[in-house]
Amino acid sequence: MKGRKLSRRDILQGAAALAAGSIFASPARAEAPAPVAITPELVDAAKKEGKVILYSSMDLPVGEKLGKAFEAAYPGISVQIERSGSERLFQRLDQEFASNIHAADVVNTSDASHIISWKKNNWLAPFVSDDMARHFLPEYRDPDGMSATSRIYLSSIAYNTKLVKPEDAPKSYADLLDPKWAGKMVKGHPAYSGTIMTATFQLVRELGWDYLDKLSKQRVMQVQSSTDPPKKLALGERAVMADGNEYGVVLLKEAGQPVEPIYPTEGTPTISGPTAIFASAPHPNAARLFQAWLHTRETQQFFTDYTAQYSAHAQVVPHPGRRKLSDIKLMKEDAAGVEKMAEEIKTRYARLFRV
Amino acid sequence: MTAAATTAAPKTRIDWTKPVLSLVALCMVVLIALPMSWLAIYAFTDKARHPTLQNFVTLFTNPDFLDPLLTTAIIATTSALICCLVAAPIGWLVSRTDMPGRQTIRALVTASFVTPPFLGAVAWELLAAPNSGLLNQFYRYLTGTESDSVLFNIYSLTGIIFVISCYTFPFVFVLVANALDNMPGELEDASAILGGKAWTTARRVTIPLALPALVAGALIAFLQAMTLFGSPAILALPAGFHTMTTKIWSLFQYPPKLELAAAAAVPLLVLTILLLQGQKFLLGRRGYSVVGGKYGAPRQVELKAWRWVALAFCLVVLLNPVFLPYLALLNAAFSPNATTLVTPSTATWHNVVFVFTELSSTQLALKNTVILGASTATIGTILALVIAYVTTRRVITGHRILGFLATAPVAVPGIVLGVGLFLSYTRPPFVLYGTLWILLIAFLTINLPSAYQQLQAAFATIHPELEDASRILGATRLQSLRQITAPLLRTGVIATWCFIFIGVMRELSAAIVLFTSQTKVLSVLIYDLNESGDLAAISVLGIAMLVITFAVVMAVNRIPVFGGNATARLRNS
């Protein structure tokens with residue numbers, strides 16, 4: 001830092017912070033840094049580090065495909081993916097940080113409330129790419145530049161078309177309480193999966209704990225990750241999926257498996273998956289490059305097309321033949337609400353479902 | 001030469017035994033007492049580390065904990081019983097009869113031992129999940145019944161007991177078969193000569209001599225079933241209940257409740273100590289030192305026409321831990337849908353390609369696992385050897401404590417030991433979390449009890465008079481240990497090495513608490529894949545894991561560890 005000159009950006013940042021400070025009386029750091037483009041310098045610096053470690057809750061084949069795409073775009077930088085449920089990743093990161101272990105560069109969680117906790121801990125590094133600044137609506141960006149929404153997706157219900165006739169299939173969450181589905185449903189776990197945590201919060205808000213109480217009496221097969229129920233459904237292990245990734249169902253359906261998503265009449269829980277860089281990232285430049293690349297129009301389009309999820313990037317066009325988000329009745333996300341309620345959800349859920 | 005010999009002679013008189021052994025004892029205390037102490041501190045204090053019994057009050061008044069405790073007791077007792085009922089007859093058939101294919105049966109039991117229980121559990125999911133399971137599909141196909149009629153449900157208490165027994169009975173088998181192998185024929189001959197009928201001989205001689213091994217086996221089976229994490233985690237949660245280990249694991253969910261987790265380990269610890277005491281009481285003070293310098297080959301029973309019935313029985317039993325699961329894994333590895341039968345036209349390399357070229361954790365996990373397996377097995381065997389020697393020959397004062405320390409980890413579920421180690425090695429002076437060292441210590445501690453038990457049993461069958469003879473002739477303890485006892489123990493030592501190596505491959509419960517992204521092992525990778533439902537990838541990785549294990553075990557069995565002495569076994573046969 002010795003002899004460092006003030007750059008134009010520093011002055012602009014300072015001025016902006018000052019302006020923000022005087023108007024909103026908020027701390028100076030509550031201002032996103034200036035947007036960064038993918039420059040040859042950044043790429044070179046990233047290549048010197050040679051590696052980026054991504055903690056992610058994305059379905060594994062989907063995540064690895066994303067990693068391979070990055071490796072193809074920037075040869076010489078390998079992507080190592082640590083896949084687990086978001087709630088598990090949250091706990092592991094807590095455990096690792098408490099022991100002063102900083103292995104993770106980038107994290108993509110499916111529980112947006114985690115960003116709130118990590119921000120409070122000062123664990124995140126601010127970073128805004130050109131694409132984020134230009135093409136992501138403010139609601140899909142952290143105001144301080146700590147994260148951006150890399151993917152939007154749903155937790156729906158679904159059924160196996162070999163085991164259930166379309167006319168008999170449930171149409172709503174209320175239908176799942178019909179005794180005829182007892183012992184025939186599979187669902188994920190909110191203490192493991194951020195998707196299920198977020199979806200459970202929305203269900204509790206819209207339908208009350210009473211709904212989950214009744215659902216728990218239906219002898220539901222309990223799996224962990226929200227990526228598992230679509231697979232159990234495709235195997236024919238259970239006829240109906242009570243919750244789980246809608247994109248998993250769509251991908252399996254497109255691959256010829258006998259599954260069909262259902263968008264419940266009460267509304268479908270919506271999940272956004274933000275990505276953030278850790279301030280302690282062992283490969284900080286590779287992390288920035290990955291974060292910038294992940295939010296480019298090309299990557300977001302590829303991601304949308306390949307994974308059947310939705311993008312917050314304004315220029316990304318929906319994949320033809322798939323349902324548009326605007327055609328689905330959605331439940332609203334509320335990360336701050338989840339953050340307040342997460343522990344209660346874990347405790348009450350465990351009591352109801354006994355696991 | 002003569003000059004050298006005379007000058008060297010006084011040096012050999014220095015007996016390094018005590019300092020060496022004391023050092024090992026000290027290591028043991030650190031290795032085991034440290035995590036145990038932290039567990040004790042956490043169990044008996046609150047968050048501010050003020051002494052309290054509140055954790056136990058919570059534990060014993062809350063049905064959330066009592067139910068899993070009861071379930072665990074049922075699983076452990078039933079599994080141990082089933083293991084004995086299956087392993088004892090097979091052990092006897094293989095060791096003492098003329099049943100055809102005895103070596104093959106031994107190899108197949110080894111195969112079931114090599115199979116990690118969590119992999120077996122996944123394989124049995126493929127076979128007996130109520131709706132998609134291959135066996136249930138086959139049953140419906142054969143009988144033409146309704147699409148929801150179910151023959152087997154692996155997601156049930158019975159299912160879990162079954163799967164755990166499948167991969168625990170080899171522990172009992174190994175002990176029983178070894179005991180029967182090493183039993184001198186003269187004792188049974190004597191009984192026969194004195195007019196004892198076959199059954200009398202069995203009742204008065206063979207069974208009492210094999211009983212310590214069977215009781216030890218039952219004990220190990222009980223403790224294995226009690227502390228196992230992978231199989232219940234994979235099967236009990238979908239079935240809608242917890243065992244103690246999965247309950248303890250759930251206590252690590254954010255925000256972690258380490259005090260309760262530590263307290264929950266205490267009943268398991270107490271139970272184990274009681275069982276170990278019970279074993280001592282049952283077996284009394286009778287000595288079973290039967291391998292002296294003078295004995296004959298074990299008697300073989302002629303089964304006549306029953307030979308084939310016996311073989312069929314063994315094969316039917318082995319259908320469950322070996323044939324069916326391996327077929328299911330192979331099928332899933334090459335199937336586009338894990339539980340659809342592969343045909344030549346549907347077979348795909350997709351899963352193999354995914355695991356070895358796309359899955360970014362595969363190589364790292366493979367490397368870590370093999371490094372940890374080999375180093376743990378080597379260090380562990382040496383450690384167990386020394387401790388077994390000290391306790392059987394009562395070399396230093398406090399040998400009992402050493403024996404207790406070596407056996408104690410058996411009482412601590414791997415997952416709880418994982419926490420103990422985590423608490424011990426994330427603070428100075430030993431900051432090891434995030435390195436392979438902490439996993440090495442964990443695997444060492446976990447595998448020590450069975451390694452120690454095995455080598456202690458081996459020592460117990462070698463009469464000290466052989467060593468005494470050597471020492472009378474002027475050798476030090478270490479010399480006689482190297483020249484007399486070690487060659488006799490060769491088989492036991494190699495077996496123990498393999499035992500630990502396989503143990504590391506099987507280990508999941510401590511690893512799952514202690515791994516970081518850079519120290520991931522195969523078992524954790526497989527467990528993660530199971531949680532996200534990637535059964536085909538698990539099958540490919542599982543098969544790779546089995547191939548590696550078999551290759552290593554077979555290679556090790558061909559290495560002459562003790563050189564020329566290796567063949568010098570005091571066997572008349």
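Residue numbers begin at 1 in each chain, while the letters A, B, ... track the order of the sequences. The structure displayed is predicted, hence computed values, not measured ones.
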With no hydrogens and no angle check, is any side-chain donor or acceptor of K247(B) less than 3.5 Å from a backbone partner on V355(A)?
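Not a single qualifying donor-acceptor pair exists.
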Between Q224(A) (side chain only) and N530(B) (backbone N and O only), is there a donor and an acceptor less than 3.5 Å apart?
no
Report yes if the side chains of [X] and [Y] come closer than 4.5 Å at any heavy-atom pair, otherwise no.
{"X": "E96(A)", "Y": "T516(B)", "result": "yes"}
{"X": "Q253(B)", "Y": "R88(A)", "result": "no"}
{"X": "M221(A)", "Y": "P238(B)", "result": "yes"}
{"X": "E87(A)", "Y": "Y254(B)", "result": "no"}
{"X": "R354(A)", "Y": "D67(B)", "result": "yes"}
{"X": "F422(B)", "Y": "S99(A)", "result": "yes"}
{"X": "L364(B)", "Y": "Q80(A)", "result": "yes"}
{"X": "I53(A)", "Y": "Q518(B)", "result": "yes"}

By a 4.5 Å heavy-atom criterion (distance strictly below it), what part of [X] contacts chain B: side chain, backbone, both, or neither?
{"X": "R219(A)", "answer": "neither"}
{"X": "A234(A)", "answer": "backbone"}
{"X": "K65(A)", "answer": "neither"}
{"X": "I101(A)", "answer": "side chain"}

Decide yes or no on side-chain contact (heavy atoms from CB on, under 4.5 Å) for L535(B) and L235(A), but give the supporting numbers first.
CA-CA 11 Å; L535(B) 298 175; L235(A) 290 178; 3.9 Å; yes
Residue pair L60(A), L529(B): steps toward the side-chain contact (heavy atoms from CB on, under 4.5 Å) verdict:
CA-CA 8 Å; L60(A) 193 63; L529(B) 288 169; 3.2 Å; yes
Checking salt bridge (Lys or Arg N to Asp or Glu O under 4.0 Å) for the pair K231(A)/D534(B): CA distance, chi angles, key distance, verdict?
CA-CA 8 Å; K231(A) 294 168 193 169; D534(B) 296 299; 2.8 Å; yes
Report the residue from P61(A), S226(A), S225(A) that forms a side chain to side chain contact (heavy atoms under 4.5 Å, CB included) with S532(B).
S225(A)
Among the listed options A239(B), P256(B), G240(B), the residue most often paired with chain A at heavy-atom distances under 4.5 Å:
G240(B)
Judged by modelled atom types alone, do E64(A) and S360(B) share a side-chain donor-acceptor pair under 3.5 Å?
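Looking only at side-chain atoms, S360(B) and E64(A) do form a donor-acceptor pair, the distance falling under 3.5 Å.
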Whether the E237(A) and S132(B) side chains hold a donor-acceptor pair (N or O, under 3.5 Å, no angle test) is what I'd like checked.
yes
Residue by residue, scan [range] and write down, ordered by number, those that have a heavy-atom distance under 4.5 Å to chain B; if none do, write 'none'.
{"range": "residues 67-76 of chain A", "result": "K68(A)"}
{"range": "residues 238-259 of chain A", "result": "R238(A), Q257(A)"}
{"range": "residues 179-198 of chain A", "result": "K184(A), A191(A), Y192(A)"}

Return the minimal non-hydrogen interatomic distance between S361(B) and E82(A), and the atom names on each side.
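That would be OG-OE2, 4.3 Å.
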Enumerate the ring pair (Phe, Tyr, Trp, His ring centres under 6.0 Å) contacts for residues 221-242 of chain A, please, sequence neighbours excluded, ordered by first and then second residue.
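As it turns out, there is no ring pair (Phe, Tyr, Trp, His ring centres under 6.0 Å) pair with a partner in residues 221-242 of chain A once direct neighbours are skipped.
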Per-residue contact mode, Y527(B) against chain A (heavy atom under 4.5 angstrom):
side chain
Drop me the distance from Q95(A)'s CD to F252(B)'s CZ, to the nearest 0.5 angstrom.
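Result: 8.5 Å between the selected atoms.
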